[in-house]
Amino acid sequence: MSNDPKILKRALQREKAARKQAEEILEGKSRELFKLAQELKQANAKLKEGLTEKTTELQGVFGNLVDAYVLMDIFGNVVKMNDAAKELFGYNLDSEKLNVTDLIYKEDYGYAMKSFHQLVTHGKFSDYQARVYTKHKGIRIVHINASIIYNTKKKPIAAQGIVRDITEKLNQERIFQEQKNQLSTIVENSSLGIVLTQFGNIVQTNKAFRNLLEYNEGELEQKEVVDISVKDEYATSVTFMDQLNSGQINNFSINKRYLKKNGGMFWAKTSVAAVRDQDDNIKYQVALIEDITEQLALEKQREELVKNLEKSNQELKDYAHIVSHDLKSPLRSMNALITWLKEDYKDVLDDGAQDSLNLLLKKVDKMDQLINGILKYSSIDKVDQLRKNIDLKIVVTDIIDVIYIPDHITIFINSDLPTIRGDVFRLQQLFQNLLSNAVKYNDKEKGIITITCKQTGKFWEFAITDNGPGIPKKYHDKIFQIFQTLDDSKESTGVGLSIVKKIIDLYEGKIWVESKEKKGTSFYFTLKA
């Protein structure tokens, strides 16, 4: 080793420089380490803050999850459930243990084990649908998606599942399908033709409509509405359809003709309704088609029949007046001649001849009454304006004051009589005929006639009862026919009760009689309230 001072000095200088360089490197590394430590500290703080935030978020999601959430260990022991799972299964893990095998419906056990095997081998399964037992709700149908939870070494440590109760959903779907099938059956077997259209195209039809047009289903679905419509009438349908599509109307009904496959036509009442979406836009149109060809023909026949009847009635009425006038003229002449004979030959004719002339006058008078009855009967029709309020108490009281009532007969009004809408002349005819008959034919020393009234639904029911001779049952229907009488009395024309019935028919009522021979008669009738 050299003791040269220069060499030693240089060596010391090199050592000093090397130490200084090492110190500078160490100082730099220390600064870097400190900086890195500070960065790590800040990163740990942020990581801790982020972890806390994510944990809070996950707890919020877990707690507010609508579906049931179940966390279990690898042995199937449930370690955590959210509120929805507690509500569904009815278990409280704080006080009782639960293994998922306790929930498996026994008949679905094989399917459950197969799904668990898939969970273990593939790490997840989805769309698992089966029945489960719950603690309080009995058997429920659930849909489950599940997955395995692994640690950092990819070793399974737990499993989790999202469980949705679909019991009510399936029930609603089943009910909906049943109702849909029922509706389809009703539509297909309806006696009315039913057509579903979309913008003029035929989408679907039922059997009744296909039968009406004599097309099969495939043929009609290739058609448009215009193809089965009469050209001259289609414009009217288009006008209504434009209003339907624009939202001005939701439905309409028209009578139109349809073209059959064989070239024939039929009239149909067509009722169309719009089927709209939630934005009120047209999706489809549904049409109900009713074949009214025969109905229209019958209505036309009925109109012609009514016109003919009206014409016939007027001709009969005119004829009755003409005949009555023609009959009354010779009757007046006969009456005058008989009266002159009686006066001119009163000193010549004996009592027998006088009696014969008197009898002849009575027959002439009866004939005159009969003709008057015919005129009254023919004048009762629905041309009268039944619009006035008529107080029947006043009508009946006036009749009692006007008609002749012998001293031995008394008329009692035992009920308040109503006010009804009608024609006073017709109502006077009605009550006067019934009361006059009750007075005229009463054969008792003390005759009693009572008038009663009660309301039955939309009608007033009246009863006029007497204690007279009564009417044999075999005549109860006959007496309401024109010209039918029970005796040959000169005062009876056989028209009175037929007039009564015709007036009651005019008021949409009915009349019937109850009677016992030698005890009395009750005439019941109804008038619309």
Side-chain angles (χ1 to χ4, degrees), residues 51 54-189 204 277-278:
L51 182 62
K54 292 300 180 184
T55 301
T56 303
E57 288 178 2
L58 285 173
Q59 288 177 342
V61 171
F62 180 78
N64 295 308
L65 193 64
V66 175
D67 292 328
Y69 175 84
V70 177
L71 180 66
M72 63 182 181
D73 62 22
I74 57 175
F75 302 106
N77 297 309
V78 178
V79 295
K80 192 172 183 62
M81 292 193 299
N82 68 347
D83 291 338
K86 295 175 183 177
E87 173 67 22
L88 172 60
F89 295 111
Y91 290 91
N92 184 359
L93 298 181
D94 295 333
S95 58
E96 54 191 333
K97 294 182 178 180
L98 175 63
N99 191 282
V100 291
T101 57
D102 299 331
L103 304 175
I104 300 172
Y105 187 73
K106 59 182 180 179
E107 293 182 10
D108 295 341
Y109 191 83
Y111 172 55
M113 291 300 101
K114 182 178 178 181
S115 298
F116 286 160
H117 178 72
Q118 180 182 347
L119 177 65
V120 172
T121 56
H122 295 87
K124 64 179 180 178
F125 69 70
S126 58
D127 295 329
Y128 171 85
Q129 182 174 310
R131 292 162 289 185
V132 295
Y133 293 111
T134 66
K135 190 172 183 180
H136 304 299
K137 294 183 179 181
I139 300 170
R140 309 295 289 180
I141 303 173
V142 296
H143 175 276
I144 303 174
N145 290 331
S147 62
I148 294 290
I149 299 175
Y150 299 94
N151 63 10
T152 56
K153 297 179 180 180
K154 299 296 182 180
K155 182 179 179 180
I157 57 173
Q160 61 182 355
I162 300 293
V163 185
R164 175 170 294 178
D165 185 355
I166 59 173
T167 310
E168 297 304 326
K169 176 187 175 185
L170 292 179
N171 284 338
Q172 291 298 324
E173 288 178 353
R174 176 182 55 80
I175 293 171
F176 175 76
Q177 189 60 43
E178 288 176 358
Q179 292 175 341
K180 182 179 178 181
N181 293 339
Q182 292 170 358
L183 183 60
S184 296
T185 301
I186 292 170
V187 168
E188 185 62 20
N189 294 286
Q204 189 174 350
D277 60 20
Q278 59 184 8

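Residues N145 and H143 form a side-chain contact, since some pair of their non-hydrogen atoms from C-beta on lies under 4.5 Å apart. Using a 4.5 Å cut-off on side-chain heavy atoms (C-beta onward), Q172 and T167 make no contact. Q160 has its side chain within reach of Y69: a pair of non-hydrogen atoms, C-beta onward, lies under 4.5 Å apart. In this structure, T121 and H117 have side chains that are in contact, with non-hydrogen atoms separated by less than 4.5 Å.
Atom CD1 of I166 sits about 8.0 Å away from atom CD of E173, to the nearest 0.5 Å. The distance from atom OG of S126 to atom CD1 of I144, rounded to the nearest 0.5 Å, is 11.5 Å. Rounding to the nearest 0.5 Å places OG1 of T101 at 13.0 Å from CZ of F75. Atom OG1 of T134 is separated from atom CG of D165 by 8.5 Å, given to the nearest 0.5 angstrom. Atom-to-atom distance recorded for R140:CZ and R164:CZ is 14.5 Å, nearest 0.5 angstrom. The NZ atom of K169 sits 15.0 Å away from the CZ atom of R174 when rounded to the nearest 0.5 Å.
At least one donor-acceptor pair under 3.5 Å links the side chain of N189 to the backbone N or O of T185. Under a 3.5 Å cut-off, the side chain of D108 and the backbone N or O of R131 do form a donor-acceptor pair.
In this structure, Y128 has its ring center closer than 6.0 angstrom to the ring center of Y111.
No donor-acceptor contact under 3.5 angstrom links the side chains of Y91 and E96, judged on distance only.
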Could you pull out every donor-acceptor pair under 3.5 Å between side chains of residues 149-158 and any protein atom, sequence neighbours left out?
| residue | atom | partner | partner atom | Å |
| --- | --- | --- | --- | --- |
| N151 | OD1 | K153 | N | 3.0 |
| N151 | OD1 | K154 | N | 3.2 |
| N151 | OD1 | K155 | N | 2.8 |

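Exactly one residue among L103, I104, I139 makes a side-chain contact (heavy atoms from CB on, under 4.5 Å) with Y133. That residue is I139. Each of V79, D83, V78 was compared with M81 under the side-chain contact (heavy atoms from CB on, under 4.5 Å) criterion, and only V78 meets it.
Under a cut-off of 6.0 angstrom, the local environment of CD in E87 is sparse, with at most 12 non-hydrogen atoms contributed by other residues, nucleotides or ligands.
The heavy-atom pair separating N77 from N99 by the smallest distance is OD1-ND2, 3.0 Å. Closest approach of L119 and I148 over heavy atoms only: O-CG1, 3.4 Å. Minimum interatomic distance between A85 and A68 (heavy atoms only, all atoms of both residues): CA-CB, 3.4 Å.
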* **Residue pair D67, V163: steps toward the side chain to side chain contact (heavy atoms under 4.5 Å, CB included) verdict** => CA-CA 6 Å; D67 292 328; V163 185; over 6 Å; no
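In this structure, the side chain to side chain contact (heavy atoms under 4.5 Å, CB included) partners of D94, at least two apart in sequence or on a different chain, are N92.
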